[in-house]
Colleague: 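One structure, as structure tokens, below. Some questions next.
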Amino acid sequence: QTIYSAGNDLLHLINDILDISKVEAGKLELLPEDLPIRRTVEGLGRTFEPLAKQKDLSFSLTVEPNVPATIHTDRQRLEQILKNLLSNAVKFTDSGSVSISAQVDAGAMVLTVIDTGIGIEPEILPRLFEPFHQGHAGLSRKYGGSGLGLSICRNLVELHGGQITLTSKPKAGTTVTVRLPPGRVIQHR
């Protein structure tokens with residue numbers, strides 16, 4: 001099991017490095033399709049809720065009524081973004097809650113992940129989306145990870161023509177918001 005886990009971690013690291021390399025080289029192309037957004041978000045919720053429950057965390061999922069039945073976007077890349085954000089939220093939260101929500105605001109699809117985790121010091125926030133940056137040194141030892149996840153998320157969101165923002169307070173949790181603009185996401189009712 002240890003060998004399998006280490007191999008799996010190495011595979012994820014290689015895939016992350018390849019993704020960053022492709023984006024920076026301009027070689028990563030989005031493959032848009034009609035994506036049932038409610039089903040996608042609910043599916044991710046079913047994946048992450050048991051992980052949250054293992055840590056005695058409350059997990060909630062909200063898809064607002066104004067969310068369209070489908071959006072036209074790259075399924076794999078949008079799921080990659082949301083999986084990374086939910087994984088971070090669960091990993092860095094020892095007590096309290098994790099939530100994900102989807103809504104439409106001024107025509108843009110807005111996806112928000114909120115946790116009550118360890119939070120991030122203000123001086124670290126500006127560097128958090130840089131590759132291999134993991135906050136202070138103790139975090140990588142305690143929680144693991146490569147420090148590539150948020151960098152990849154930012155690159156993929158920007159490739160969608162969108163914007164990702166992060167707000168946080170130490171010991172008070174983190175909110176990450178992904179906003180995909182209406183010009184790049186074709187919504188269908």
Colleague: Rounded at 0.5 Å granularity, tell me how far OG1 in Thr40 sits from CD in Glu42.
Modeller: 9.5 Å

Colleague: For Asp94 versus Leu57, what's the shortest heavy-atom pair and its separation?
Modeller: C-CD2, 3.8 Å

Colleague: Is there a donor-acceptor contact under 3.5 Å from the side chain of Ser101 to the main chain of Thr62?
Modeller: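 A pair under 3.5 Å: no.
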
Colleague: Which value, rounded to the nearest 0.5 Å, describes the distance between Leu86 atom CG and Glu49 atom CD?
Modeller: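 It comes to 11.5 Å.
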
Colleague: Would you mind reporting whether Leu30 and His160 have side-chain heavy atoms less than 4.5 Å apart?
Modeller: yes

Colleague: If I compare all heavy atoms of Val90 with all of Lys55, which pair ends up nearest, and what's the gap?
Modeller: O-NZ, 2.7 Å

Colleague: What about Ile114 and Val176, same hydrophobic cluster or not, with Ile/Leu/Val/Met/Phe/Trp/Tyr joined at side-chain heavy-atom distances under 4.5 Å?
Modeller: no

Colleague: Roughly how far, to the nearest 0.5 Å, is CZ of Phe59 from OG of Ser99?
Modeller: 8.0 Å

Colleague: Verify the neighbour count for atom CD of Glu123: are there more than 12 heavy atoms of other residues, nucleotides or ligands below 6.0 Å?
Modeller: yes

Colleague: Just how far is it from atom OG1 of Thr165 to atom CZ of Arg179, taken to the nearest 0.5 Å?
Modeller: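 Rounded to the nearest 0.5 Å, the OG1-CZ separation comes to 9.0 Å.
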
Colleague: Does some side-chain heavy atom of Arg154 sit less than 4.5 Å from a side-chain heavy atom of Ser151?
Modeller: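 Yes, at least one pair of side-chain atoms sits under 4.5 Å.
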
Colleague: Please examine the side chains of Arg75 and Pro36, heavy atoms only from C-beta on, and report whether any two atoms are closer than 4.5 Å.
Modeller: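 Answer yes - side chains close enough.
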
Colleague: Please determine whether side-chain contact (heavy atoms from CB on, under 4.5 Å) holds for the pair Val41 and Ile37, giving the CA-CA distance in whole Å, both sets of side-chain angles, and the decisive distance to 0.1 Å.
Modeller: CA-CA 6 Å; Val41 172; Ile37 192 67; 4.3 Å; yes

Colleague: Group every Ile, Leu, Val, Met, Phe, Trp and Tyr by side-chain heavy-atom contacts under 4.5 Å, then state whether Ile164 and Ile152 land in the same group.
Modeller: yes

Colleague: For Ile81, run the side chain to side chain contact (heavy atoms under 4.5 Å, CB included) check against Leu180, Asp74, Val178 and tell me which one passes.
Modeller: Val178

Colleague: Where do Leu166 and Thr174 land on the side-chain contact (heavy atoms from CB on, under 4.5 Å) test, with the steps shown first?
Modeller: CA-CA 7 Å; Leu166 187 148; Thr174 302; 3.8 Å; yes

Colleague: If you measure from CD1 on Ile100 to CG on Leu82, what distance do you get to the nearest 0.5 Å?
Modeller: 5.0 Å

Colleague: Report the distance from atom CD of Gln103 to atom OG1 of Thr112, rounding to the nearest 0.5 Å.
Modeller: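 So the CD of Gln103 and the OG1 of Thr112 are separated by 6.0 Å.
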
Colleague: For Val67 and Met109, what are the C-alpha separation, side-chain angles and deciding distance, and is it a side-chain contact (heavy atoms from CB on, under 4.5 Å)?
Modeller: CA-CA 8 Å; Val67 170; Met109 177 61 58; 4.0 Å; yes

Colleague: If every non-hydrogen atom of Asp115 is compared with every non-hydrogen atom of Val98, which pair is closest and at what distance?
Modeller: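 Scanning both residues completely, I find the closest heavy atoms to be CB-CG2, 4.1 Å.
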
Colleague: Please name the pair of heavy atoms, one in Pro181 and one in Ala108, separated by the smallest distance, quoted to 0.1 Å.
Modeller: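 Nearest pair, atom of Pro181 first, then Ala108: CA-CB, 4.1 Å.
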
Colleague: In terms of hydrophobic clusters joined by side-chain contacts under 4.5 Å, are Val104 and Leu35 together?
Modeller: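 Yes, it is one cluster - the side chains of Val104 and Leu35 are joined through contacts under 4.5 Å.
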
Colleague: Would you say Leu156 and Gln80 make side-chain contact, with heavy atoms under 4.5 Å?
Modeller: yes

Colleague: Under a 3.5 Å distance rule, please check whether Ser168 uses its side chain to pair with a backbone N or O of Gly173 as donor and acceptor.
Modeller: yes

Colleague: Within a reach of under 6.0 Å around NZ of Lys53, are more than 12 heavy atoms found that belong to other residues, nucleotides or ligands?
Modeller: yes

Colleague: Please report the shortest heavy-atom distance between Val110 and Asp105, naming the atom on each side.
Modeller: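 Minimum heavy-atom separation between Val110 and Asp105: CG2-CB, 3.9 Å.
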
Colleague: Looking only at non-hydrogen atoms, find the nearest pair between Ala89 and Val113 and report the distance.
Modeller: CB-CG1, 3.8 Å

